[in-house]
Amino acid sequence: MLIVALLTLIHVLVFVYWLGGDLGAFYASRYLTAEGVGPDRRLFAAKIIGDVDMAPRTALILTLPSGLALAQLKGWVQIGWLSVLAITAVFVLWLIIVWKRHLDHGAPSPLLAWIDTALRWSLAASLVIVSLLVMTGIVPWPVFLAMKGLALAGCVLMGLLIRRTLTPLFPALGALAQGGTSLDAERTIQITLRKARPQVQMIWALLILAAFFGLWAPTTF
């Protein structure tokens with residue numbers, strides 16, 4: 001069916017842009033700590049990273065609604081199309097919030113930041129609960145959906161951890177913007193990125209694992 005092909009393509013593109021965007025941001029982050037790079041170029045690299053990182057942020061939000069619609073269409077889940085559309089509407093509103101926060105760098109909203117964080121925690125918790133219900137047989141859905149759900153929950157939780165790890169980065173970049181070269185700021189940037197990189201790589205591993213279960217699609221183990 002055409003609609004199956006289109007939803008499958010969307011779901012695959014979500015994975016591609018998530019992993020590809022993460023790889024691009026990861027590569028660009030090297031210029032924040034590279035020797036011989038001046039403050040202006042470091043700040044420009046930081047802006048590029050922020051823009052490129054919107055691809056994986058967008059993909060994270062689109063992963064569940066696109067996958068849920070595909071699972072409903074293929075008969076793997078039976079929650080009804082009204083439920084699928086309602087969940088999709090919530091995620092579209094979430095996506096609007098994320099993009100508004102990105103475009104309003106000069107005047108970030110604490111309320112929107114709180115909503116964004118609350119939605120991430122809610123998504124992770126919901127995925128873990130539903131996945132465990134599937135794996136214990138209480139919810140009669142294919143097991144591979146549960147495995148993908150746990151992988152996605154891990155990505156969300158790892159993303160929240162990365163946010164906490166990167167907290168010192170933004171004041172350090174602000175110091176560079178106002179005072180030019182600063183040894184303390186550059187040291188903070190190096191230490192912070194060194195801590196965050198393994199966490200980013202863990203997201204890559206979880207994404208690949210989720211893709212593997214989606215392609216394998218085992219009903220039982």
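In this text the structure is predicted, and so the values were computed from the model without any measurement.
- Leu132 contributes atom CG, which lies 9.0 Å from atom CD1 of Ile138 (distance to the nearest 0.5 angstrom).
- Atom CD1 of Ile203 sits about 11.5 Å away from atom CZ of Phe26, to the nearest 0.5 Å.
- Dense packing is recorded around CH2 of Trp81, with more than 12 heavy atoms of other residues, nucleotides or ligands lying under 6.0 Å away.
- The aromatic ring centroids of Trp94 and Phe91 lie less than 6.0 Å from each other.
- Nearest heavy atom pair, residue Gly21 against residue Ala55, reads CA-CB, 4.3 Å.
- The shortest non-hydrogen separation linking Pro171 to Pro168 is CD-O, 3.4 Å.
- When atom types are taken as modelled, the side chain of Thr117 and the backbone of Trp114 share no donor-acceptor pair closer than 3.5 angstrom.
- Residues Ser83 and Gln72 have side chains not in contact (no heavy-atom distance under 4.5 Å, counting atoms from C-beta outward).
- The aromatic rings of Tyr31 and Tyr27 sit perpendicular, their planes meeting at an angle over 60°, well past the 30° parallel limit.
- For residues 43-59, the set of pairs meeting the salt bridge (Lys or Arg N to Asp or Glu O under 4.0 Å) definition, not counting sequence neighbours, comprises Lys47-Asp51, Asp53-Arg57.
- Looking only at side-chain heavy atoms (C-beta outward), Lys148 and Leu209 stay at 4.5 Å or farther from each other.
- Closest approach of Pro65 to Thr88, counting heavy atoms only: CB-OG1, 3.7 Å.
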Candidate pair Lys100 and Ser109, rule side chain to side chain contact (heavy atoms under 4.5 Å, CB included), full reasoning = CA-CA 9 Å; Lys100 180 171 176 53; Ser109 168; over 6 Å; no
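- Residues Lys195 and Thr192 form no side-chain contact, since every pair of their non-hydrogen atoms from C-beta on lies 4.5 Å or further apart.
- Under the 4.5 Å side-chain heavy-atom criterion for Ile, Leu, Val, Met, Phe, Trp and Tyr, Leu23 and Leu60 are members of the same hydrophobic cluster.
- Following chains of ILVMFWY side-chain contacts shorter than 4.5 Å, one cannot reach Val52 starting from Leu173, and the two form parts of different hydrophobic clusters.
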Give the intermediate values and the outcome of side chain to side chain contact (heavy atoms under 4.5 Å, CB included) for residues Thr188 and Leu169.
-> CA-CA 7 Å; Thr188 298; Leu169 179 65; over 6 Å; no
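- The number of heavy-atom neighbours closer than 6.0 Å to CZ of Arg30, taken from other residues, nucleotides and ligands shown, is 12 or below.
- Across all non-hydrogen atoms, the minimal contact from Thr63 to His11 is O-CE1, 3.4 Å.
- In plain terms, the two heavy atoms of Pro56 and Asp22 that are nearest each other are CG-OD1, 3.6 Å.
- Ile189 approaches Ala172 most closely through the heavy-atom pair CG1-CB, 3.8 Å.
- Hydrophobic clustering, with ILVMFWY side chains joined whenever heavy atoms are under 4.5 angstrom apart, keeps Leu103 apart from Ile48.
- With rounding to the nearest 0.5 angstrom, the CG atom of Leu111 is 8.0 Å from the CD1 atom of Ile97.
- Here CD1 of Ile191 is found 12.0 Å from OG1 of Thr33. Values are rounded to the nearest 0.5 Å.
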Intermediate values then yes/no, side chain to side chain contact (heavy atoms under 4.5 Å, CB included), Cys155 and Leu207 = CA-CA 7 Å; Cys155 289; Leu207 281 175; 4.1 Å; yes
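- Clustering ILVMFWY residues whenever any of their side-chain heavy atoms sit less than 4.5 angstrom apart, transitively, puts Ile79 in the very cluster that holds Leu64.
- Ring geometry, Phe212 versus Trp216: the interplanar angle falls from 30° to 60°, so the pair is classed tilted.
- One distance of note links CG of Leu193 with CG of Leu166; it measures 7.0 Å at 0.5 Å rounding.
- Under the 4.5 Å side-chain heavy-atom criterion for Ile, Leu, Val, Met, Phe, Trp and Tyr, Leu133 and Trp76 are members of the same hydrophobic cluster.
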Side chain to side chain contact (heavy atoms under 4.5 Å, CB included) between Tyr17 and Thr58, intermediate numbers included = CA-CA 9 Å; Tyr17 275 91; Thr58 299; over 6 Å; no
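- Taking CG of Leu62 as the start and CG of Leu13 as the end, the distance is 10.5 Å to the nearest 0.5 Å.
- The local environment of CE in Met54 is crowded, with over 12 non-hydrogen atoms from other residues, nucleotides or ligands closer than 6.0 Å.
- In this structure, Leu73 and Leu7 have side chains that are in contact, with non-hydrogen atoms separated by less than 4.5 Å.
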